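Below: one structure, written as structure tokens.
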Amino acid sequence: MLAEIKGLNEECGVFAIWGHEKAAEMTYYGLHALQHRGQEGAGIVTTDGKKLNLHKGVGLVNDVFSEDEFTRLKGHAAIGHVRYATQGGGGYENVQPLVFRSQKNSMALAHNGNLVNAHALKSQLEAQGSILSTTSDTEVIAHLIKRSGNVQIEEAISSALSMIKGAYAFSILTEDQLFIGLDPRGLRPLSIGRLGDAYVFASETCAFDLIGATYEREVRPGELIVIDNDGFRTSQFTSPLQRTLCSMEYVYFSRPDSDLNELNVHASRKTMGKQLADEAPVIADVVTGVPDSSISAAIGFSEATGIPYELGLIKNRYVGRTFIQPSQELREQGVKMKLSAVRGIVEGKRVVMVDDSIVRGTTSRRIVRLLKEAGATEVHVRIASPPIQNPCYYGIDTSTKGELIASSNSVEEIREIIGADSLAFLSTEGLEESIVADRDMNVHGVCQACFTGNYPTEIYPDTVIPAYKD
Ligand code: SF4
């Protein structure tokens with residue numbers, strides 16, 4: 001579904017490249033491919049071996065960069081970032097990469113995720129005299145690196161990483177080195193590719209495809225990679241724990257043409273649709289998916305049941321962005337502007353409407369109504385993920401617990417609220433089976449905490465759930 005009307009939002013996307021004469025341009029294209037992960041800001045930092053060059057701004061990648069910038073963004077290495085802004089955390093100063101300049105050892109940082117002990121670390125840093133100028137976790141990491149007292153930056157980064165907890169995929173660029181790292185459980189996705197002799201890194205492999213890079217492997221949980229003129233080196237800054245890659249990346253966030261942890265996202269969604277059909281079959285005339293992210297699951301549901309798949313819902317791609325509209329009423333208006341039911345397909349039919357998830361229920365209610373107004377005789381809603389009952393502390397905006405319709409309503413109550421003739425969700429076992437299948441849990445395991453409440457890391461009383469713009 002459409003992020004801005006569903007109330008689910010990814011926090012950001014990371015891209016990095018080392019060893020390419022057009023590093024800034026490649027990063028620009030990479031960020032284009034990752035644009036769905038954040039639309040509030042974008043930035044690129046390059047190094048030419050002597051100094052870091054930065055350009056960043058608020059808005060879409062296309063709004064932030066023009067041809068002129070690339071004459072200044074010189075160098076053989078770059079890191080880039082697209083960002084979804086948190087409440088009070090929007091604005092230029094929080095757009096990444098953040099650059100920290102000093103006479104020697106300037107560095108730029110970009111990261112994706114959320115630190116569960118950021119609050120405690122900020123207090124500690126401030127008590128020690130650090131002045132934090134942004135509300136971003138990225139700055140906390142930078143201060144920890146600067147204050148660690150280790151002369152070698154590699155050791156300083158390892159030491160800083162051992163202090164932070166939560167979910168993070170990060171890139172750090174200095175004048176002469178690139179560092180890439182992933183949290184010990186690999187909650188956020190990060191892949192390694194090659195483009196000729198250059199190394200590339202991206203939150204999603206769709207960024208590799210756009211620039212013609214080939215996939216090499218995933219960054220391993222707890223891994224710290226260093227690339228410089230001496231080549232590519234890797235070490236573990238901590239022992240890897242069982243992988244718990246965010247399952248919502250497969251369900252909803254990532255692009256269907258991306259492979260996450262060596263599983264294609266579209267294929268995993270089709271399997272989710274098939275599992276859902278096995279778990280909650282229904283007699284109907286037509287299956288339709290809510291565009292875009294639910295179409296794969298709808299195809300899987302259709303293939304498993306033999307009920308034909310049709311384009312019963314169409315997305316209007318050229319309307320304005322609705323998330324800037326403040327009220328619930330206007331948001332619903334936004335749904336109406338963005339989606340249309342195809343009367344010729346659904347009129348007089350029993351329709352299975354497959355969606356990837358339900359957050360607040362507002363969007364589902366509106367779509368059920370759209371289908372019924374277009375003449376559907378029955379609307380059976382099938383959700384290709386379990387009910388979201390808990391907030392995410394790892395960088396995904398799933399709304400607060402109170403706003404999650406499944407946190408305080410049974411499936412039957414939700415069915416009634418959204419006006420469906422029947423409603424079923426995929427089980428947590430079915431979701432895990434769709435992603436992990438017979439693969440090794442240690443390497444391919446997933447986080448399902450927003451469904452189960454079993455968080456894979458400690459959660460502290462002062463752990464902040466990012467308050468997102470709505
Ligand atoms: S809690 Fe949910 S959204 Fe957050 S990382 Fe885990 S699966 Fe992803």
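Keep in mind the model is a prediction, meaning the values are calculated, not measured.
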Note to self: Contact between Ile172 and Ile145 at the side-chain level, heavy atoms closer than 4.5 Å - yes or no?
What the structure shows: yes
Note to self: I'd like to know if the side chain of Asp356 reaches the main chain of Ser385, judged simply by a donor and an acceptor atom lying under 3.5 Å from each other, with no hydrogens or angles considered.
What the structure shows: no
Check: Will you find, in the side chains of Glu218 and Ser191, an N or O donor that is under 3.5 Å from an N or O acceptor?
Finding: yes
Next item on the list: Report the residues that fulfil side-chain contact (heavy atoms from CB on, under 4.5 Å) with Asn53, sequence neighbours left out, ordered by chain and then residue number.
Entry: Thr46, Asp48, Lys51, Leu73
Note to self: Using a strict threshold of under 4.0 Å (side-chain N to carboxylate O), is an ion pair present between Arg188 and Glu249?
What the structure shows: yes
Next item on the list: Please tell me if the side chains of Asn316 and Leu339 come closer than 4.5 Å, counting only heavy atoms from C-beta onward.
Entry: no
Margin query: Treating Asn117 as the side-chain partner and Lys165 as the backbone partner, does any N or O pair qualify as donor plus acceptor under 3.5 Å?
Written below: yes
Next item on the list: Could you tell me whether the side chain of Arg37 reaches within less than 4.5 Å of the side chain of Ser254, counting heavy atoms only?
Entry: yes
Could you give the side-chain donor-acceptor pairs of residues 15-27 under 3.5 Å, partners two or more places apart or in another chain?
from  : atom 1 : to    : atom 2 : distance (Å)
His20 : ND1    : Lys22 : N      : 2.9
Thr27 : OG1    : Ala23 : O      : 2.7

Item checked: Minimum side-chain heavy-atom gap Glu139-His143 below 4.5 Å -> yes
Checklist line | Donor-acceptor pair, side chain of Ser106 and main chain of Arg101, under 3.5 angstrom | finding: no
Checklist line | Non-neighbouring partners of Ala213 that pass side-chain contact (heavy atoms from CB on, under 4.5 Å), sequence neighbours left out | finding: Leu195, Val200, Phe208, Ile211
Checklist line | Side chain to side chain, Phe170 and Leu161, heavy atoms closer than 4.5 Å | finding: yes
Item checked: Over 12 non-hydrogen atoms of neighbours within 6.0 angstrom of CG in Asp197 -> no
Check: How far does CD1 of Ile435 sit from OG of Ser268, to the nearest 0.5 angstrom?
Finding: 6.0 Å
Margin query: For Thr238, is there any backbone N or O sitting under 3.5 Å from a side-chain donor or acceptor partner on Gln236?
Written below: yes
Check: Looking only at atom types and distance, does a side-chain atom of Arg147 sit under 3.5 Å from a main-chain N or O of Gln128, one as donor and one as acceptor?
Finding: yes
Notebook entry, point to check: What distance separates Asn114 CG from Tyr168 OH, expressed to the nearest 0.5 Å?
Noted result: 12.5 Å
Check: Do His36 and Glu204 have a side chain donor and acceptor closer than 3.5 Å?
Finding: yes
Notebook entry, point to check: Looking at residues at least two apart in the chain, or sitting in another chain, which of them share a salt bridge (Lys or Arg N to Asp or Glu O under 4.0 Å) with Glu69?
Noted result: none
Name every donor-acceptor pair, under 3.5 Å, that has one atom in a side chain of residues 54-62 and the other anywhere in the protein, sequence neighbours excluded.
from  : atom 1 : to    : atom 2 : distance (Å)
His55 : NE2    : Val64 : O      : 2.9
Lys56 : NZ     : Tyr92 : O      : 3.4
Lys56 : NZ     : Val95 : O      : 2.6
Asn62 : OD1    : Tyr28 : OH     : 2.9
Asn62 : OD1    : His32 : NE2    : 3.2

Note to self: Is there a side chain to side chain donor-acceptor pair (under 3.5 Å) between Glu262 and Tyr215? Walk through the geometry before answering.
What the structure shows: CA-CA 10 Å; Glu262 295 172 357; Tyr215 170 83; 3.2 Å; yes
Next item on the list: Find the distance between CD1 (Ile141) and CD1 (Ile157) and round it off to the nearest 0.5 Å.
Entry: 10.0 Å
Margin query: Within the 4.5 Å heavy-atom criterion, are Met163 and Gln124 side-chain neighbours or not?
Written below: yes
Item checked: Any side-chain heavy-atom pair of Asp183 and Tyr394 under 4.5 Å -> no
Next item on the list: Please determine if Arg233 and Asp228 form a salt bridge, counting it only when a charged side-chain N lies under 4.0 Å from a carboxylate O.
Entry: yes
Check: Excluding sequence neighbours, so at least two apart, what forms salt bridge (Lys or Arg N to Asp or Glu O under 4.0 Å) with Asp176?
Finding: none
Item checked: Non-hydrogen side-chain atoms of Arg255 and Val265 separated by less than 4.5 Å -> no
Next item on the list: Mark yes when over 12 heavy atoms from residues, nucleotides or ligands other than Tyr29 sit less than 6.0 Å from its OH; otherwise mark no.
Entry: no
Notebook entry, point to check: Can you tell me how far CG of Leu276 sits from CD1 of Ile383, rounded to the nearest 0.5 angstrom?
Noted result: 8.0 Å
Check: Ser296 pairs by side chain to side chain donor-acceptor pair (under 3.5 Å) with which of Lys270, His266, Arg269?
Finding: His266
Notebook entry, point to check: Roughly how far, to the nearest 0.5 Å, is the OG atom of Ser247 from the CZ atom of Phe451?
Noted result: 4.5 Å
